[in-house]
Amino acid sequence: MPDALVRTRGLCKHFGGVVATDNVTLELNRGEIHAVIGPNGAGKTTLINQLTGELFPDAGSILLDGRDITREPPAVRARAGLARAYQIVSIFPAFSVLQNVALAVQATQPHSFRFWREAARDARLLDPAMEILARLGLEGRAGALASQLSHGEQRQLELAMALATRPRVLLLDEPTAGMGHEESRHIVSLLGTLKSDYAILLVEHDMNAVFALADLITVLVYGRIVASGAPDEIRGDAEVKRAYLGEKKKAPRRTGAAD
Amino acid sequence: MSTRLQFALGAGLLIALAAIPPVASLAGIPFLLTLFTRIVIVAIASVSLNLILGYGGMYSLGHAVYIGIGGYTVGILAFHGVHSGLVQWPLALAVSALFALVTGALCLRTRGVYFIMITLAFAQMVYFLTVGVAKYGGDDGLTIARRSSFGGLVNLADRTTFYYVSLAFLLAAVLVVWRISRSHFGMVVRGACANDRRMQALGFPTYRYRLAAYVIAGTMGGLAGALLANQTDFVNPEMLSWTRSGDLMIMVILGGSGSVIGPVAGTVAYMVLEEVLSGITEHWQIILGPLVVLMALVRQGGIVGWLSPKRHA
Amino acid sequence: MTLFLEQCLNGLQLGLLLFLLAAGLTLVFGIMDLVNLAHGSLYMVGAYLAAWFAKRFDSFFIGLAAALPVALLLGIVLEVLVIRRLYGRDHLVHVLATFGLILFFNEAVRLVWGAAGLTLALPEFLGTWVQVIPGVPYPVYRVAIIVVGLLVAAFLYFLVQHTRVGMLIRAGAADREMVGALGVNIRLLYTLVFGVGACLAALAGVMAAPILTVQIGMGETILILAFVVIVIGGIGSVRGAFVAAIIVGVLDTLGRAFLPGALKQTFGAAAASTAAPAISAMFIYLLMAAFLIVRPEGLFPAAGGRK
């Protein structure tokens, strides 16, 4: 087994007296989808924030491909191959859909100190951007303003931007939240095809999606890992059932697979 | 706003501004040329402020400091007998750029209101510096005996020549900001204005891009200062007082921030309005003040936004 | 040594004046998220009102007593007419609108009281000297400023820490939406806070009037110093404003008093005479820059104060 692409060791994060991340050690491997599930407030987004560098952990370390990135700022981590899709859509509403993705493509260039050439006519940005839009089925909306997209489309754009930075690791914070059934299925099948090329961390409330996609599931409760293993093990784990899967209210939509 | 409309407005403004010298001379109102020379120069500063304010979301309330720095660099060099524009002007730009680099590096560590207050404070620091140094006139300012000389190339002492030189610089400034705003660099600055966190998550170290934009804007402000010092043959602390910075901000917003041509329209409109009001009453600011308040309250994209067809949605 | 102590007292007195201005500014910012450039105008108007009333009724105290309620009223009217429409909007709009107000107030004062400026005469017993430090006579009036400044600081501390209004103020600075959720009459609270801020600014103006000239534009210079205070102290924090105001007041005064001499000893008289006024004028801003490098969020950052 090759060394993990991302490895955290003993991550801890407190907010005042509240423990948001409690001694979390986990691995992300290329070609694997590692799902992190847990009730609301379990510290899933906080964990992602520490991986991307938007929050620094109080203790513990994060390694990316063997390199310690615990204290690196977000931009450096992104350039090292970490990409994120936000839970709350974080796109540029005043830019066109194509511009949003082209900007993400631009982030892969060595630098952006180019003052004269018009970005909106630069084929080196637009061609890869269009390719990614096509892959997500958004090519028909390329010219629209991002703010004019439906909620589901904005989530797809969010994912498109993450892919456009040519990452090695994808951190996806509820990629199907708020999507219609059709869109949601589309994303799930897309993630299935993506997984061979990336190491994916998936935070998701849709248990159908989680159990269909994940190679590894980690259950987080109050910031602590209560269980971690293959989907079948998790399904049978008594503590998981008690802490999380049994409580239907915490997983608002279609908890079928868990019951 | 649409590119075509900006183009039309820009072309219209350019033709009107280019026609000022013959009109002033035909109508026999030489003051018109003086006024519009000043307007054209100040417009360069507004256009440069717009680069950081309109596109970068950096609300600098100290932009007039660059006019002062550019102006004083020319003035002080002239005081010491250096009259060559080829020395004066590049140095004026370099000093402005350096000041922008140092203060910008500090200011950009902060956001929002802090940024507004700190840009203001640094500008005030230079203001007190100019007031305090008696050798260069202190409060009374410094008279410049001779305009910058460019050998036989251009004669800035000729009012019409000087006007067209200033206009050419304004045109260049508009063009530069236009290109920058649409360049790779410009997209990063605009993106950081809209959502800095996202830009960093995408992998852009935004701080250095914002700082670079701040330095470019400051340098262009310094150019306006070098021109203004030559126009008035005089520099004094008043030209970098914080009310001048406030005026620049008003001009940018009045014209429409975030459009390249807006600040030019705003500068023309504001300075002509000042002129007209001050012709009506000595206490014209008592009218101007409430007008500015009103403008802030109903702010709808400025002149440029007002000319644009209404956006649906 | 005695000169040093005397300058420290002067610095303390300037610091407390700055605190009166900065307290109002920082409260208004912390609670309403409003950048108010026109705060200095209220300081100026306070000074003019006091000078005018005092002359008219031939009494310093009538001037003081009349200026404050009028300033409070002016603050409230201003809040209702203009400021209220700025809440929740972009800071750029705040800057523009309050800049417009400055233009208006400066011109209005010129129209009413003329361009020449006024003076505010002190009653006799305040014009005398007292030995605070043995052997050094110190103006009673400056002592009075220090006392009033400290009293106001104590009052504000009590108000913010131990009353219901203060609880709302603290809550508002930390979390604006929560106060709304408490069902408090936000409009009234805002108007009140703005009025109190205006009153404090006017008080600072009145107290500064006898030692400075009452003139147009007097508000702007000190306003920018108050900004420096707030940047150092941390926006939204009254405690930060107090500590930073004292630091700025004392260091600015000491810098102006002793830097020229120190420079003369180090660099010789000729160089010092050119550089000294410049350096002492820039001193406080350089101090601010140094603070920014070390603590960009100020001494006492209030939660939510930073965007």
Side-chain angles (χ1 to χ4, degrees), chain B residues 53-54 57 59 61-62 102-103 105-107 109-118 120-136 138 241-243 245-247 249-250 252-254 257 281-299, chain C residues 25 29 33-35 37 81-82 85-86 89-108 110-111 217 220-221 223-228 230-231 234-235 273-286 288-290 292-293 296-298 305-307:
Chain B
L53 190 148
Y59 300 161
L61 190 46
V102 173
T103 59
L106 287 171
C107 296
R109 288 163 61 95
T110 67
R111 292 256 142 168
V113 201
Y114 277 91
F115 185 82
I116 297 174
M117 291 183 185
I118 292 162
L120 173 60
F122 278 128
Q124 197 69 2
M125 176 180 91
V126 180
Y127 173 81
F128 282 123
L129 182 67
T130 58
V131 170
V133 180
K135 188 174 182 187
Y136 301 123
S241 78
W242 79 286
T243 46
S245 295
D247 286 341
M249 218 179 208
I250 294 174
V252 171
I253 305 304
L254 176 63
S257 61
T281 161
E282 179 196 350
H283 299 286
W284 53 279
Q285 289 201 338
I286 213 161
I287 307 166
L288 184 67
L291 279 181
V292 170
V293 175
L294 220 67
M295 183 194 90
L297 290 178
V298 302
R299 181 186 167 206
Chain C
L25 263 181
F29 180 76
D33 192 24
L34 177 90
V35 191
L37 298 181
L81 282 182
V82 179
R85 289 161 227 285
L86 299 175
R89 299 185 64 176
D90 193 20
H91 289 146
L92 194 57
V93 176
H94 300 174
V95 170
L96 287 177
T98 53
F99 185 79
L101 288 178
I102 292 181
L103 296 180
F104 173 79
F105 276 116
N106 280 349
E107 206 53 52
R110 187 171 294 138
L111 201 62
E220 278 104 79
T221 322
L223 175 82
I224 294 168
L225 264 189
F227 279 167
V228 173
I230 290 177
V231 167
I235 293 181
S273 70
T274 320
I279 291 178
S280 42
M282 284 170 47
F283 181 59
I284 210 67
Y285 300 99
L286 297 176
M288 179 189 77
L292 270 179
I293 294 168
E297 64 291 316
R306 210 169 159 224
K307 208 177 162 185

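Sequence lines set the chain letters: A, B, ... in the order given, protein chains first and strands last, and positions in each chain run from 1.
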Given heavy-atom pairs under 4.5 angstrom as the criterion, report whether the side chain, backbone, both or neither of [X] touches chain B.
| X | result |
| --- | --- |
| C/Met288 | side chain |
| C/Val228 | side chain |
| C/Leu101 | both |

Test item: [X] and [Y] side chains (from C-beta on) under 4.5 Å apart, heavy atoms:
| X | Y | value |
| --- | --- | --- |
| C/Phe99 | B/Leu61 | no |
| C/Ile224 | B/Leu120 | yes |
| C/Ile230 | C/Phe29 | no |

Where do [X] and [Y] come nearest, in terms of heavy atoms and distance?
| X | Y | result |
| --- | --- | --- |
| C/Leu25 | C/Ala226 | CD1-CB, 4.0 Å |
| B/Phe122 | C/Ala289 | CZ-CB, 3.8 Å |
| C/Ile102 | C/Leu37 | CD1-O, 3.5 Å |
| B/Leu297 | C/Arg85 | CD2-CB, 3.8 Å |
| C/Glu107 | B/Glu282 | OE2-O, 4.2 Å |
| C/Ile293 | B/Arg109 | O-NH2, 2.8 Å |

Part of [X] lying under 4.5 Å from any heavy atom of chain C:
| X | answer |
| --- | --- |
| B/Ile286 | both |
| B/Ile116 | side chain |
| B/Ala134 | neither |
| B/Leu291 | neither |
| B/Thr130 | neither |

With chain B, which of [options] has the greatest number of heavy-atom pairs at distances under 4.5 Å?
| options | answer |
| --- | --- |
| C/Thr221, C/Val93, C/Leu225, C/Leu111 | C/Leu111 |
| C/Leu286, C/Val231, C/Ile284, C/Ile279 | C/Val231 |
| C/Phe283, C/Tyr285, C/Phe105 | C/Tyr285 |

- Query: If you tally heavy-atom pairs under 4.5 Å against chain C, which of B/Leu294, B/Leu106, B/Thr103 wins?
  - Reply: B/Leu106
- chain C interface, residue from B/Leu53, B/Ile118, B/Leu288, B/Val133 that has the most non-hydrogen pairs under 4.5 Å: B/Ile118
